Amino acid sequence: MGKKRLIDLMADLKEGEVYALVEELINSGTDPLKILDDARSAMEIVGKRFETEEYFIPDLVLAGEILKVISDRVKPFLKTEDDLQKKGKVLIGTVAGDIHDIGKDIVTFMLDVGGFEVLDLGINVPVPVFVEKIKEFQPRVVGLSGFLTLAFDSMKKTVEAIEEAGLRDQIKIMIGGGQMDDEVRKYARADAYGKDAAAAVNLCKQWIGGQAS
Amino acid sequence: MKTPEELYQQREKRVQDAIALRVPDRVPILVLFAFFPAKYCGMTIQELMYDPEKIFQAEWKTMIDFEPDMDNNPFGIRLLGPLLETLDFKPLKWPGHGVAANHTYQYIEGEYMKAEEYDHFLLDPTDFMIRRFWPRIMGGLSGLQQLPPLHNIISYYLGMPMGFRGFTQPEVKEALETLVKAGEKSLEIAAYSMRFSKEAREAGFPMQYGALCQAPFDTLTDFFRGMKGAMLDLYRRPEKVIQACEKLLPFMIEMALNGTRASGNPRVFIPIHWGLDNFMSREQFNRFFWPTLRDLMVTLIHEGLNPCPLWEGNCTTRLETIKDIPAGKACYAFEATDMVKAKEILGGTVCIRGNVPLSIIATGTPDQVRACCKKLIDTVAQGGGYIMDTSTGLDDAKPENVKALIDFTREYGVY
């Protein structure tokens, strides 16, 4: 009871009704883990709708808010932090000199919801920090984000430093954001350019495993 | 050899012909040099943002060397350093204040108006701005939050007798002093701006734009609500969003009209930020973004002006919608929109502009640039109604690529 209803309501972004139903489910003793699972299933539908251009940024932002509210509401009832099997590690950051974060945050969110373990280094990430964190975190994919043309050279330098550190063969590098395109991908010698968050998720699925949709 | 005045007239006519959908003598060439002049003239961006003489020289040399059909007055939007410092302006990082000397200034997103403040904004936007918004985004004006609502000071017994007490507070006095200092900086910017336009005219270069304003939805999102706030508002308080856009609309019209009156130049620059394909659905665009932008553009057109939006990102799915304005009056610059489709749909209605990717201008070769320009001229410039330009403003461009774009179009773009 209520299971399908929660998934549907959340996937359709009926915010008020979702919260009311979650209260109802908690009060009737539903396993909080199940509520979270349903929320995740709903997020998968949201992700698919984003990919097929039925949903856009406002819808994604609202879905993220709903997920956050449900998680915060349900967490106190969880005995242990559930250890969901993550698909693989992705390191992400906005390159040196650029302080834009909106696109990067959306990609991070979509990857997280898509089941990847994401380490977000934030904005204006110096080249050596990328190298150091790759060594530490051992990601399979590195995502370089940038909005301005000044990011072209920062991306190039970051990839070069990764090459010099001997780490290039163990990772795939994707770029995205503002002025980026396939020309910049070539210039920076990255493996792929993704035009939006759905493209980034698909690249990670291709590279790390799982089925790209 | 043409005189500067003849060149001025020829260039002005070339662009006006393109906007009016007449066939000009050749494809007009306009470029937003942005911070490119710094790199080109061996100066840092920091120097350009602080030193009016340097920004003047750098923009001037770039204009003379590359010779586009029109230039862009750099003062209103680039000589910001001293003013930003005076005001302790917070939503921007600029060279020496959060970014390196050679990096462009960058805006910091924020919810500078809270969701629960919509009603205050709608009641009296100016009061909200002076007493809540300005103190929040400008440290130098934080004292203004201590003022009472000024709209309550009405006449000799209504609000006046005790109404001015707030102005004696030390923090308010400090803020008022800051305003006077900011006023001095504004005067300096205005003086240089007028000098630049005047001297450019004497040298034969019209200015691209005589005023600037924004789509009301962009103003609301960029400066007041921030991305996250505005996107959630579309669901949580859609009516307030529409009301706020309607409230901002006359301000945007006024800003454009005042600017064009002062400059005597009919072209109004309107950078478009949040209406793009990937940012909102077509329904959301049609409901929240387009109505007030259309009202803005149509009003300007009725005033005899030329609205010139720069549609950033990809707006291909918007083309059918944005076609709905009076023909031959506006110019739409496109960053990543499909230009062939744009020509197909907008061809008889709006002049289109731009689209040479900055990635090629910054990292490619002159041959690549020429190939790109050739393709644009061969396809979308046919029959007029097209202006050559890069996808958006130049910062990190290779000079030889900028030269290739301009020189090639000058020769190959003759009708």
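Just so we're clear, the structure is a prediction, and the values are computed from it rather than from any experiment. Reckoned from all heavy atoms, side chains included, excluding hydrogens, waters and symmetry mates. Quick note on labels: first sequence line is chain A, next is B, and so on, each numbered from 1.
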(Q) A:Val61 vs B:Leu232, test: side-chain contact (heavy atoms from CB on, under 4.5 Å). Steps then yes/no. (A) CA-CA 7 Å; A:Val61 170; B:Leu232 290 175; 3.8 Å; yes

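Sorted by first and then second residue, the side-chain hydrogen bond (donor to acceptor under 3.5 Å, both in side chains) pairs involving residues 165-175 of chain A (not counting sequence neighbours) are A:Arg168-A:Asp191. Sorted by first and then second residue, the pairs that involve residues 93-104 of chain A and meet side-chain hydrogen bond (donor to acceptor under 3.5 Å, both in side chains), not counting sequence neighbours, are A:Asp98-A:His100, A:Lys104-A:Asp120.
At a 4.5 Å heavy-atom cutoff, the contact between A:Leu62 and chain B is made by backbone and side-chain atoms alike. Proximity to chain A (any heavy atom under 4.5 Å) is restricted, for B:Leu234, to the side chain, taken from C-beta onward. Contact of B:Gln106 with chain A is made through backbone and side chain together, with heavy-atom distances under 4.5 Å. For a residue to count as touching a neighbouring chain, one of its non-hydrogen atoms must lie under 4.5 Å from one of that chain's; by this rule B:Met227 touches chain A with the side chain only. For B:Tyr235, the part lying under 4.5 angstrom from a heavy atom of chain A is the side chain only. Looking at A:Ile106, the atoms closer than 4.5 Å to chain B (heavy atoms on both sides) all sit in the side chain, from C-beta outward. In this structure, the portion of B:Asp277 lying under 4.5 Å from any heavy atom of chain A is its backbone and not its side chain.
Top candidate by heavy-atom pairs under 4.5 Å with chain A, chosen from B:Glu312, B:Glu335, B:Gln284, is B:Gln284. Ranking B:Ser359, B:Ala336, B:Ala397, B:Ser391 against chain A, the residue ahead of the rest is B:Ser359, based on heavy-atom pairs under 4.5 Å. By number of non-hydrogen pairs under 4.5 angstrom with chain B, the leading residue of A:Met180, A:Lys195, A:Gln179 is A:Gln179.
Taking B:Trp274 as the reference, B:Asp222 meet the side chain to side chain donor-acceptor pair (under 3.5 Å) condition, with sequence neighbours excluded.
To the nearest 0.5 Å, atom CE of residue B:Met231 and atom CD1 of residue A:Ile102 are 8.5 Å apart. To the nearest 0.5 Å, atom OG of residue B:Ser281 and atom CD of residue A:Glu54 are 10.0 Å apart. Note that the CG atom of A:Leu150 and the CG atom of B:Asp395 stand 7.5 Å from one another [nearest 0.5 Å]. Residue B:Asn314 holds its CG atom at 11.0 Å from CG of A:Asp196, rounded to the nearest 0.5 Å.
Each of B:Thr392, B:Thr104, B:Asp396 was compared with A:Thr149 under the side-chain hydrogen bond (donor to acceptor under 3.5 Å, both in side chains) criterion, and only B:Asp396 meets it.
Environment of NZ in A:Lys89: crowded, with over 12 heavy atoms of neighbouring residues, nucleotides or ligands closer than 6.0 Å. More than 12 heavy atoms of other residues, nucleotides or ligands sit less than 6.0 Å from atom NZ of B:Lys114. Annotation for A:Lys68: atom NZ does not count as buried by contact number, only 12 or fewer foreign heavy atoms lying within 6.0 Å. Within 6.0 Å of NZ in B:Lys398 there are more than 12 heavy atoms belonging to other residues, nucleotides or ligands.
Residue-level contacts of residues 360-375 of chain B with chain A, in order of numbering, are B:Ile360, B:Ala362, B:Thr363, B:Gln368; threshold 4.5 Å between heavy atoms.
Heavy atoms only, all atoms of each residue included: A:Tyr19 and B:Arg236 are closest at OH-NH2, 4.3 Å.
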